[in-house]
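Numbers restart at 1 for each chain; the letters A, B, ... are given by sequence-line order, proteins then strands. Because the structure is a prediction, the values reported are computed rather than measured.
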Amino acid sequence: MLKVTGIQKGIVIDHIAKGNGIKIFEKLNLAKVNYPVVLLINVSSQKLGQKDIIKIQDNVDIDFTMLGLIDPKATVNIIEDEKIVSKMSLEIPKEVTGLFQCKNPRCVTSVDDYAVPKFTRVENGKIQYRCNYCEELTEYKL
Amino acid sequence: MNQTVKHLVDPNDFTVEEINQVIDLGLKIHSNPAQYARLCEGKILGPLFYEPSTRTRLSFESAMLRLGGQVLGFSDANTSAVKKGESLADTVRVLDDYCDALVMRHPMEGAPKLASEYSTVPVINGGDGGHQHPTQTLTDLISIKYYKGHISNLKIAICGDLLFGRTVHSLLKTLSRFENITFYLISPPELKIPKHLKDYLLDTYDVSISEFTDLEDCIEEADILYMTRIQKERFLNEEEYMRLKDSYILTRDKLSEAKSDLMVLHPLPRVNEIHYDVDRDPRAKYFEQAAFGVYVRMALISILLEVADHA
């Protein structure tokens, strides 16, 4: 069995749904950082059958909003001295800024660099966001 | 963003109470304009029109001039620094030093909201793409208040381009906050109101919405008939426009089924959706409506510039 050691300090993103690990890895730009990062895929899990895990050493400053958007069921463990010092559950964010584009081609955010796309989640059972500028609904998809 | 400055970029920027305040002041100005003729002396309104406009721009300019103020702006983006590639935010950050309030028309939806985030003076949305046109709504409401005496317990039929019609979107969003409003929405299937707007209205307000494709199916029930133009400039496909442009033509014959105290409104300009013979019908109020646009904008400017109490 493949064995990956724990980290001394940093973040472990656990219980990532199988297949989402690589997406989170890409969205958080983890290929470009200069601290150690481990991406584990298809790890056995009692809860999920198989899961993905990301371990990030030395850095705890990541975009939890983005994480909640991609996989709200993932969990985040903050590690210090090789121990979990806090456990966080993620949730689908109510407000999102700059993480994706408004689908309306007539929206000012599509043409003006000053207009950073900002959205507010609509409570309709889907992951849909209302643009704060043009009000069009955009469904978030990876 | 300057949180203390009051803007009108979305109908919901004003509470129902504030909307009533604007309308009531507009009616007062209408009955005695001379009393308000010097209210904005020394103030400058900046119309920033990135898209063509006749009524909105000129009624704002007329309103400011009738209040004793002055106007300084542009009606063609090609004659401004925009042509050189200046961003909207930069334009606004300069012009808010030159003017006491800005009125913006822009083809991109949400542009006035973006402007309001950078402006230190009030920004008024004079129409943004197919999104919103809140001051046309104030014009519609002051007309309704003047002729009906109230803005509640009304059945309002709205006919034409409900998909791209920004006047329709603002009117729906505003009237839905008043009491006991029923909407009959008449359009070709291709031009129904945006689903996100319909869902928002039904989820947020206690309002009734029925949709039709034939005007005849609901005209006899309506207290107000709000006709709109099928807007050629919003279509990407000329063929589609040609197919839909004559979807609704209101004639005196069709009005024979309607109530005797019906009000026919139209934000103007019209093309052929209201036949000229309807103009002679006493129920046609669209030219009076356009005239009220000046008075209600006088009220709005006075309130945003915080001089309304000085009359």
Under 4.5 Å from a heavy atom of chain A, the part of B/D10 involved: side chain
Does any donor atom in the side chain of A/Y133 or B/D128 lie under 3.5 Å from an acceptor atom in the other side chain? no
Heavy-atom cut-off 4.5 Å, strictly under: side chain, backbone, both or neither for A/E123 against chain B? neither
If you count every heavy atom of other residues, nucleotides or ligands that lies below 6.0 Å from A/E91 atom CD, does the total exceed 12? no
Which atom of A/P105 lies closest to which atom of B/M108, heavy atoms considered: O-CE, 3.7 Å
Checking B/H131 against chain A: side chain, backbone, both or neither under 4.5 Å from a heavy atom? side chain
Side chain to side chain, A/V122 and B/Y200, heavy atoms closer than 4.5 Å: no
In this structure, CD of B/E117 is separated from CG of A/N132 (nearest 0.5 Å) by 8.5 Å
Answer with side chain, backbone, both or neither: which region of A/D113 has an atom nearer than 4.5 Å to a non-hydrogen atom of chain B? neither
Contacting region of A/T109 [heavy-atom separation from chain B under 4.5 Å]: neither
Rounded distance (nearest 0.5 Å) linking atom CD of B/E109 with atom CD of A/E136: 8.0 Å
Any ion pair linking A/E135 and B/K113 (charged N to carboxylate O, less than 4.0 Å)? no
